[in-house]
2 protein chains.
Amino acid sequence: MVTIRDVAKESGFSSTTVSIVLNDAPLARYIPVVTKKRIERAAEKLGYRPNQFARSLRSKRSHTVGVMVFDMTDPYCTLVLRGIENTLYQASYLPILTDVHNERSRFERYLEMLLDRRIEGLIVLANWLFLDINLLADLEKSSIPTTLIGCELKGDSMSSVIVDNEVGGYAALEHLHSLGHRKIAFIRGPKTLADSSPRWRGIRKCTKERGLDIDNQLVVDLPDSRDPLSSFEAGQKLTEEFIKQKREFTALLAFDDMTAFGAIRALDKHGWRVPERCSVTGFDDVAASALCTPPLTTIRQPMEAMGAGAVGIVLEGINSVLEKREVAAQHRKVAPQLVVRDSTRKAG
Amino acid sequence: MVTIRDVAKESGFSSTTVSIVLNDAPLARYIPVVTKKRIERAAEKLGYRPNQFARSLRSKRSHTVGVMVFDMTDPYCTLVLRGIENTLYQASYLPILTDVHNERSRFERYLEMLLDRRIEGLIVLANWLFLDINLLADLEKSSIPTTLIGCELKGDSMSSVIVDNEVGGYAALEHLHSLGHRKIAFIRGPKTLADSSPRWRGIRKCTKERGLDIDNQLVVDLPDSRDPLSSFEAGQKLTEEFIKQKREFTALLAFDDMTAFGAIRALDKHGWRVPERCSVTGFDDVAASALCTPPLTTIRQPMEAMGAGAVGIVLEGINSVLEKREVAAQHRKVAPQLVVRDSTRKAG
DNA sequence: GATCTCATGTAAATCGTTTTTTTAACTTGC
DNA sequence: GCAAGTTAAAAAAACGATTTACATGAGATC
């Protein structure tokens with residue numbers, strides 16, 4: 001390995017000067033161009049690459065941010081991660097990826113490992129979160145800029161980026177209603193999931209505004225489960241029960257895309273064609289939604305933008321810390337978007 | 001931050017002794033238990049955490065491996081990443097995740113960044129690879145243990161883990177044939193993709209063994225494209241052309257699941273019910289395959305195991321390097337598995 | 001002519017570990 | 001009584017950068 005001293009020797013200057021030139025430090029303005037050129041040429045010639053450990057040890061910077069996902073296999077993650085990666089790349093930061101598997105012990109272990117690596121910022125992707133929220137509160141102590149995606153923790157130290165669930169729930173029902181559907185089945189989210197209640201609130205808002213009645217017999221909740229795949233199975237089972245109980249409905253509003261996929265499976269099994277006999281809507285717009293047949297009408301979360309936004313907040317935070325400014329937590333709520341595909345159509 | 005010197009002061013011993021005790025270094029065997037206890041208690045009390053930069057600088061180890069993905073949005077990645085993460089976790093390594101977006105410049109930049117971080121190993125997920133293979137050959141120089149997933153580079157320095165495409169292609173066709181299908185349409189992979197030709201070879205092997213005729217009019221290739229989503233669109237378009245040309249077939253063997261989804265969309269659009277009128281098979285078993293309706297019969301790549309296997313090889317390599325043993329590249333070819341779901345059924 | 005500022009550079013301290021080398025006392029075995 | 005280990009601990013030398021403080025001469029200012 002070639003060190004800064006090798007470059008110093010090769011160029012004929014001291015390692016101090018080499019460091020100053022190569023980093024374009026403030027003092028570099030006193031250094032004549034010819035000197036700079038000579039040093040740069042020497043570094044080039046030797047293929048010098050600064051040792052990041054030494055650099056970090058001295059400067060206390062790692063140029064690294066931690067990314068903590070609660071369940072990588074949730075298809076929701078993919079695009080968010082892409083957004084995170086892309087924005088970090090442009091800022092020359094690298095992400096350390098950890099997957100908590102929704103387990104407390106893993107969360108704690110990974111958090112320690114990340115702090116040991118002196119990550120400068122942290123992004124937590126907590127969309128499908130079934131852990132004690134206190135776990136996250138612990139993060140507040142760490143004093144490194146942190147942004148939560150998909151779950152909000154009111155408070156002054158941790159930022160968050162979430163989708164406007166209420167607007168999304170409203171839009172989903174509005175879509176079905178304006179297609180003429182009046183008998184609608186609902187599969188709500190698990191009670192302990194933060195997204196569930198605002199989505200339902202949006203739905204209720206829409207029923208009130210439009211004077212739509214909801215049949216309580218047509219409303220069920222997904223069970224609590226750490227496994228995001230469970231919402232597929234539960235969606236299927238719950239829909240099947242609706243059918244077996246001979247409930248009448250022309251549309252089904254599912255908590256998320258996974259649930260919708262499960263519902264469609266159940267409907268198909270019992271000969272209810274989608275969308276002819278029953279329209280179905282989802283929420284999220286995961287990759288599969290555009291791929292399956294019929295493609296799913298759903299409420300899209302702007303996942304890539306959310307990832308990018310989270311990184312933006314964290315980078316701002318890092319800069320604030322560097323310049324010893326105060327950092328105030330930001331709470332962004334981004335608008336979802338109705339994506340009309342073929343799983344919904346006019347009633348009747 | 002509390003340093004080793006603080007622990008030394010607190011415990012009343014020198015920092016040398018503290019280091020030896022806390023790392024359980026060879027010399028620790030000369031240190032009496034009471035001393036150890038006292039030092040450990042002091043460390044505990046102060047909440048001492050060694051500075052990883054200093055440690056790495058001295059020991060030249062980073063406990064980090066690089067993960068380079070060619071396109072994160074390819075749903076193929078998810079489970080492989082899970083396998084990688086999980087295995088690294090058990091070995092107390094952390095992954096730095098990079099996404100090359102199938103772009104040469106990004107590849108080069110990221111590679112430099114990773115080498116600067118002194119990653120101890122590298123895993124390249126190159127399943128959908130449209131870059132000059134020479135790019136990968138450059139890696140050989142870096143002398144850090146590297147494993148390719150999804151693409152093989154014969155040679156002595158880089159390991160690989162790939163699926164046995166030939167066996168997979170064979171199994172897919174064998175399945176359709178044994179269901180009685182004789183008129184089968186084929187959508188092959190892009191010519192420049194490494195997987196394409198062995199899969200086709202497996203198919204040809206099966207036709208020969210079973211005396212099945214292939215109608216060349218029913219064989220088409222996916223176009224070259226960097227975007228994995230393109231195989232959905234191409235699958236749709238090519239299938240539509242088959243139909244418009246009034247070709248007769250009772251089954252369609254698609255290059256991968258994405259292609260199969262596209263094909264199903266086209267078939268559905270023209271009123272060909274799957275599987276009643278036409279059976280369809282895919283390859284990979286991405287998450288969506290089990291979720292869509294009808295669920296897709298496909299050839300599963302054991303993605304999680306492949307990720308785990310790649311990490312295993314890399315860790316072996318790291319240990320070999322540490323002990324100055326010679327490292328020989330390993331080339332593992334893992335068996336795929338036929339997963340029968342509802343997109344295929346008996347002909348006729 | 002004394003004092004300042006600027007321009008150009010270097011020596012030395014520092015970051016927080018790990019590792020090698022020393023020191024020194026205490027056992028053995030002969 | 002002494003060479004050869006063993007036990008216990010510390011001093012000092014890395015690791016490879018960055019940064020602070022200092023040195024020197026030249027020109028400007030008062």
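Every chain is numbered from 1, with letters handed out A, B, ... down the list of sequences. Worth knowing before you read on, the calculation uses all heavy atoms, side chains too, and leaves out hydrogens, waters and symmetry mates.
- For the pair B:A25 and B:L57, both in contact range of DNA chain C, the more 5′-proximal nearest nucleotide belongs to B:L57.
- Nucleotide C:dT17 holds its C1' atom 20 Å from the CZ atom of A:R55, rounded to whole Å.
- Judged by distance alone, with hydrogens and angles left aside, the side-chain atoms of A:S15 form no donor-acceptor pair with the main-chain N or O of A:I4 at under 3.5 Å.
- Straight-line distance from the CG atom of B:D6 to the P atom of C:dC15: 11 Å, rounded to whole Å.
- Regarding contacts with the backbone of C:dG9, every side-chain N or O of A:T17 stays at 4.0 angstrom or more from both OP1 and OP2.
- A donor-acceptor contact shorter than 3.5 Å links the side chain of A:D74 to the backbone of A:Y76.
- At a threshold of 4.0 angstrom between heavy atoms, the contacts of A:R5 include nucleobase atoms, whether or not backbone atoms are also involved.
- The side chain of B:K60 places no N or O atom within less than 4.0 Å of a non-bridging phosphate oxygen (OP1 or OP2) of C:dT18.
- In this structure, CZ of A:R61 is placed 19 Å from C1' of D:dG16, rounded to the nearest angstrom.
- At a threshold of 4.0 angstrom between heavy atoms, the contacts of A:F13 are confined to the sugar-phosphate backbone, with no base atom among them.
- Rounded to an integer number of Å, the gap from B:L27 CG to D:dA11 C1' is 14 Å.
- Rounded to a whole Å, the OH atom of A:Y30 is 17 Å from the P atom of C:dT10.
- Considering all non-hydrogen atoms of both residues, A:L322 and A:R61 come closest at CD1-NH1, 3.3 Å.
- A donor-acceptor contact shorter than 3.5 Å is absent between the side chain of B:S159 and the backbone of B:T147.
- As rounded to whole Å, 20 Å separates atom C1' of D:dA14 from atom CZ of B:F53.
- A salt bridge between A:R49 and B:E112 is present, with a side-chain N of the basic residue lying under 4.0 Å from a carboxylate O of the acidic one.
- Distances shown here put a side-chain N or O of B:Y48 below 4.0 Å from the OP1 or OP2 atom of C:dT17.
- Between the side chains of B:S92 and A:R109, at least one donor N or O sits under 3.5 Å from an acceptor N or O.
- The phosphate of D:dC15 (OP1 or OP2) has no side-chain N or O of A:N51 nearer than 4.0 angstrom.
- For the pair A:T16 and C:dG9, the criterion of a side-chain N or O lying under 4.0 Å from OP1 or OP2 is not met.
- Salt bridge annotation for B:D6-B:K45: absent, with no cationic side-chain nitrogen under 4.0 angstrom from a carboxylate oxygen.
- Inter-axis angle, ends of the helix from C:dG1-D:dC30 to C:dC30-D:dG1, five pairs per end, rounded to 10 degrees: 60°.
- When distances are taken from the side chain of A:A54 to each of D:dG16, C:dG9, C:dT17, the shortest belongs to D:dG16.
- Contact between the side-chain N/O atoms of B:S14 and the OP1/OP2 oxygens of D:dA10 is found at a separation under 4.0 Å.
- Distance B:R118 CZ to C:dT17 P: 20 Å, rounded to the nearest Å.
- Considering only side-chain N and O atoms, A:T35 lies under 4.0 angstrom from the phosphate OP1 or OP2 of C:dG9.
- Both B:I31 and A:I4 sit near DNA chain D, but only B:I31 has its closest nucleotide nearer the 5' end.
- Judged by a 6.0 Å distance limit and a 45° cone about the ring axis, A:R106 is positioned over the six-membered ring of B:Y89.
- One atom, CD1 of B:I20, and another, P of D:dT7, lie 15 Å apart when rounded to the nearest Å.
- Residue A:R58 places none of its side-chain N or O atoms closer than 4.0 Å to OP1 or OP2 of C:dT14.
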